[in-house]
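Notes for the one structure printed next.
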Amino acid sequence: MNAKFYIMSGSVSADSSELDEAACQIISRHYRNGEKVFVLANSQQHAERIDEILWRFDTAQFVPHSLSGENPQQASPVEIAWQPVNARRQTLINLASSAPNTATYYQQIIDFVPGDEAGKKQARDRYRLYRQMGIQLETLTYNDEFEDLS
Amino acid sequence: MPVSSTPNSTSFESSQQESQSSLKASAAYFESKGTLAQRIDGFAPRSQQQDMASAVEQCIESQATLLVEAGTGTGKTFAYLLPALLSGKKVVISTGSKALQDQLFQKDLPTVQAAIDYAMPVALLKGRSNYLCIERVNSFAHRSGGQSPQVLAELVKIKAWSAGNRSGDISELGPIAERADIFPLITSTNDNCLGRECANYDDCYLVKARSRAMEAQLVVVNHHLFMADMVVKESGFGELIPEAEVYLFDEAHQLPDIAIQYFGQSLSSRQILDLCNDVELAYRTELYDMAQLAKAAKKLSLSVRDFRVAFEGERDRGDLRPLFKRPKFAQQLPSIREDMGFLQSVLKLALSRCELGDSCYERLCKFISLFDKIVQVNASGNSYWYETTRIHFTLHLTPLNVSERFDQELEQRKAAWIFTSATLAVNGGFEHFQNQLGLASATTLLLDSPFDYAQQSMFCVPRYLPQLRDPKIDQKLADMLLPVIEANQGRCFFLCTSHSMTQKMAAVLREKSNFTILVQGEAAKGELLESFIEDGNAILVATSSFWEGVDVRGQALSCVIIDKLPFSAPDDPMLVAKSEDCKMRGGDPFAQVYLPEAAIALKQGVGRLIRDHTDRGVVIVCDPRMVHRDYGELFVASLPPMKRTRDLQQLIKFIHESD
């Protein structure tokens with residue numbers, strides 16, 4: 001179990017469309033890497049914003065996904081929810097302000113350190129919580145260039 | 001009419017120079033100051049059209065094979081007509097639908113002919129059942145007892161119409177010609193046509209249409225007739241369509257399925273029972289000393305009727321292989337075969353005694369060899385299936401793949417072959433079409449629509465759709481979508497993938513809204529479309545036949561709703577055949593047959609929306625699999641580049657911006 005925190009540039013605050021866009025780029029990369037991804041958003045509205053960004057992506061970057069409540073007969077490679085769920089998946093992409101207590105269900109966690117002070121503080125709380133759960137932590141600077149996931 | 005001017009003549013010249021390497025002579029006709037712009041009212045030059053005309057011209061010169069997908073609005077009809085006419089060669093143009101065939105011959109062809117002063121003879125040729133049969137109409141007048149007064153009145157009208165008509169094409173009669181009670185009375189079939197023996201042979205509309213076609217430099221036919229001709233030519237018994245140097249197929253995406261039908265064979269209970277009747281007639285008229293004949297015919301007709309009973313259900317179709325393993329079929333098959341064999345041996349004794357008897361013997365021999373072929377259901381390379389109506393059954397043998405045979409045909413005729421449609425490619429590739437018809441060495445050309453889809457249209461798969469198997473799906477969809485339909489003030493096609501959904505949706509929409517609801521089946525297609533346009537705020541609920549070939553320009557249609565991704569039913573015999581073939585070649589039927597066919601069907605359905613530069617509109621697909629499943633990518637990539645959303649509010653906003 002490990003968690004990766006992407007440090008965003010100063011202008012990208014928590015709950016901003018820039019952060020959502022960056023998160024969707026990362027979701028797309030992990031989907032293309034063949035991973036099953038669970039995305040945790042702050043609220044239903046937030047989850048729907050993520051859904052909208054993914055759906056409007058270029059076809060070359062198509063990401064099959066579902067919102068919690070849509071209950072597809074066959075689970076989508078990417079699920080977006082606003083409540084933690086008791087289901088194991090390979091990758092958690094956390095966009096919620098607090099860390100889910102289900103964080104240990106995932107092989108890897110992707111999280112973000114926004115540029116604004118309030119956002120930074122919440123990120124520090126999440127970082128601490130993950131560490132208490134015994135998750136290995138790593139931070140890196142976000143860039144939107146292609147990044148090798150291996 | 002003012003000719004549109006080019007503001008900067010130098011840029012015009014330079015662009016011409018740049019593209020000289022690929023553009024051919026016919027492209028010049030499509031320039032903004034070219035012949036077509038000068039001679040055709042409202043002609044708008046489009047670079048896609050020039051590219052296509054050049055490619056067609058090149059193909060004709062080099063007797064090659066060309067596949068062109070030309071998106072809506074490229075003007076593909078002119079783009080192939082012009083180089084075909086300019087070539088001076090003998091041309092056959094084939095369309096998928098009779099509607100396009102008529103439009104081409106009555107509208108587009110005369111326009112281009114006039115624009116370039118084309119003086120060679122052109123002709124329109126349809127299948128036999130499209131022409132009035134003078135003999136049948138006359139003979140009906142002599143024995144009209146038992147018909148309803150209404151039918152008699154219609155027949156008087158038809159006779160009056162035929163007196164002043166040159167073509168005898170019954171489509172000119174309008175809806176009367178489609179009526180099941182009238183249609184067989186006024187047209188002939190292969191079986192009941194008297195041929196050269198007919199007293200009206202010299203006036204026969206079909207004979208005249210065929211001879212006009214034989215003499216014409218350009219003939220417009222349809223895919224059914226083209227394939228029928230190919231099969232007739234193969235059998236060596238004459239031809240319906242003249243040999244040409246250029247073959248052009250419009251709506252070519254429909255050709256593979258039609259080709260499979262014609263290369264297949266079938267035998268129906270109706271054919272056998274008709275034969276039994278004729279045998280009995282021969283016994284009662286000329287072969288009266290052979291009571292065995294009547295008995296043998298009676299026995300065969302009884303076992304054929306029993307066989308129909310063995311198929312359960314009213315109207316059905318399915319695979320013959322598992323069926324023939326059941327005990328009751330295993331018993332009845334040999335008994336039908338035996339009865340046919342017995343009748344054959346009795347008829348043989350009567351050979352050369354009367355014409356009817358001889359023709360019955362020949363027909364029966366054909367039926368027997370066909371029957372023997374179809375019941376060998378374990379032979380590979382074919383699909384074996386049946387279809388039943390209330391009283392009849394038909395046994396079918398369908399080849400799994402016709403590409404080799406079709407390819408052979410191309411090889412044999414030294415000609416140019418051009419296949420075009422608005423929907424030929426899947427996700428930018430032509431493999432799906434090529435796999436079905438061969439054509440491996442063809443040149444391909446993909447021309448995008450000149451429309452600005454991102455500005456003109458918005459595409460939505462709504463969030464939280466009801467499950468596809470939800471029993472209340474019709475009500476839930478109506479509640480979810482009526483706000484959008486209301487914002488759009490009707491002007492909506494609701495296209496369903498099944499008849500039952502069509503009925504359910506129509507009922508629910510009638511209950512929950514005040515719009516005029518037009519439903520397929522409640523009137524003829526043409527009438528429904530007219531009412532739709534006339535009403536101006538209607539919702540038309542329909543299935544497959546409205547997915548293709550419907551052209552409603554402008555804002556009269558600005559919302560298309562599709563209930564489900566149009567995957568074919570897994571019991572569709574044609575699909576079963578194609579899947580089997582795909583498996584035999586080591587492929588994946590879902591990825592290589594079901595998905596591409598559904599993508600093409602969806603593209604056709606969505607294509608109803610934007611028919612012009614000024615059209616604006618929204619598309620809603622109520623199938624969450626398009627977002628949830630990885631194959632959604634293929635569907636999205638096959639559609640025009642519309643703006644996408646999952647939010648119905650965004651859609652309503654877009655609609656209000658259009659007002």
Side-chain angles (χ1 to χ4, degrees), chain A residues 17 20-21 23-25 27-83 85 87 89-91 93 95, chain B residues 425-429 448 453-454 457-470 473 476-477 480 564-565 567 590 595 599 602-603 606 619-651 653-654:
Chain A
S17 60
D20 290 344
E21 287 281 350
C24 286
Q25 292 293 339
I27 293 169
S28 170
R29 286 180 211 166
H30 284 269
Y31 160 68
R32 279 183 197 271
N33 196 38
E35 297 164 30
K36 298 271 185 226
V37 180
F38 180 77
V39 181
L40 184 61
N42 261 322
S43 62
Q44 181 169 354
Q45 288 75 18
H46 188 203
E48 289 172 2
R49 286 204 301 273
I50 299 294
D51 163 49
E52 189 80 356
I53 295 171
L54 289 178
W55 178 234
R56 290 187 181 198
F57 263 180
D58 229 45
T59 32
Q61 273 188 289
F62 185 85
V63 178
H65 65 275
S66 62
L67 284 164
S68 98
E70 292 197 306
N71 304 320
Q73 290 198 324
Q74 193 178 320
S76 292
V78 173
E79 273 180 31
I80 309 165
W82 50 94
Q83 302 279 343
V85 297
R89 283 215 154 201
Q90 199 171 353
T91 305
I93 295 185
L95 301 173
Chain B
V426 176
N427 200 3
D448 286 334
Y453 281 96
S457 58
M458 195 175 234
F459 171 58
C460 180
V461 177
R463 295 180 183 124
Y464 316 115
L465 282 162
Q467 300 285 327
L468 292 171
R469 289 192 191 139
D470 189 325
I473 187 166
K476 290 182 181 168
L477 285 182
M480 192 177 233
K564 218 170 120 181
L565 290 174
F567 287 113
F590 183 73
L595 270 181
L602 182 68
K603 199 163 154 181
V606 168
V619 181
I620 304 172
V621 174
C622 305
D623 191 331
R625 292 176 296 181
M626 200 156 168
V627 185
H628 296 168
R629 304 288 284 269
D630 50 6
Y631 57 68
E633 178 174 354
L634 182 94
F635 286 101
V636 174
S638 294
L639 291 177
M642 299 176 281
K643 196 178 283 170
R644 287 194 287 276
T645 185
R646 295 206 65 201
D647 186 352
L648 289 170
Q649 293 311 314
Q650 291 292 323
L651 217 53
K653 214 173 121 199
F654 180 86

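Since the structure is predicted, the reported quantities are computational estimates derived from the model, not experimental observations. Chain A is the first sequence line, chain B the second, and so forth, proteins listed ahead of strands; every chain is numbered from 1. All heavy atoms count here, side chains included; hydrogens, waters and symmetry mates do not.
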Between [X] and [Y], which heavy-atom pair has the shortest distance, and what is it?
| X | Y | answer |
| --- | --- | --- |
| A/Phe62 | B/Val627 | CZ-O, 4.3 Å |
| A/Thr59 | B/Glu633 | O-OE2, 3.5 Å |
| A/Tyr31 | B/Asp630 | OH-CB, 3.7 Å |
| A/Pro72 | B/His628 | CB-ND1, 3.2 Å |

(request) Report the residue from B/Lys643, B/Arg463, B/Arg646 that forms a salt bridge (Lys or Arg N to Asp or Glu O under 4.0 Å) with A/Glu52. (result)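 Among B/Lys643, B/Arg463, B/Arg646, the one meeting salt bridge (Lys or Arg N to Asp or Glu O under 4.0 Å) with A/Glu52 is B/Arg463.
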(message) When you compare the side chain of A/Glu48 with that of B/Asp647, does any pair of heavy atoms fall below 4.5 Å?
(response) no
(request) Drop me the distance from A/Ser68's OG to B/Tyr464's OH, to the nearest 0.5 angstrom. (result) 6.5 Å
(request) Report the distance from atom CG of A/Asn71 to atom CG of B/Leu465, rounding to the nearest 0.5 Å. (result) 12.5 Å
(request) Flag the one option from A/Asp58, A/Val63, A/Leu67 with the top tally of heavy-atom pairs under 4.5 Å to chain B. (result) A/Leu67
(message) Counting only non-hydrogen atoms closer than 4.5 Å, does B/Phe459 touch chain A with its backbone (N, CA, C, O), its side chain (CB onward), both, or neither?
(response) both
(message) Quick check on side chain to side chain contact (heavy atoms under 4.5 Å, CB included): which of B/Arg629, B/Arg469, B/Arg625 does A/Gln73 satisfy it with?
(response)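 Output: one option passes, namely B/Arg469.
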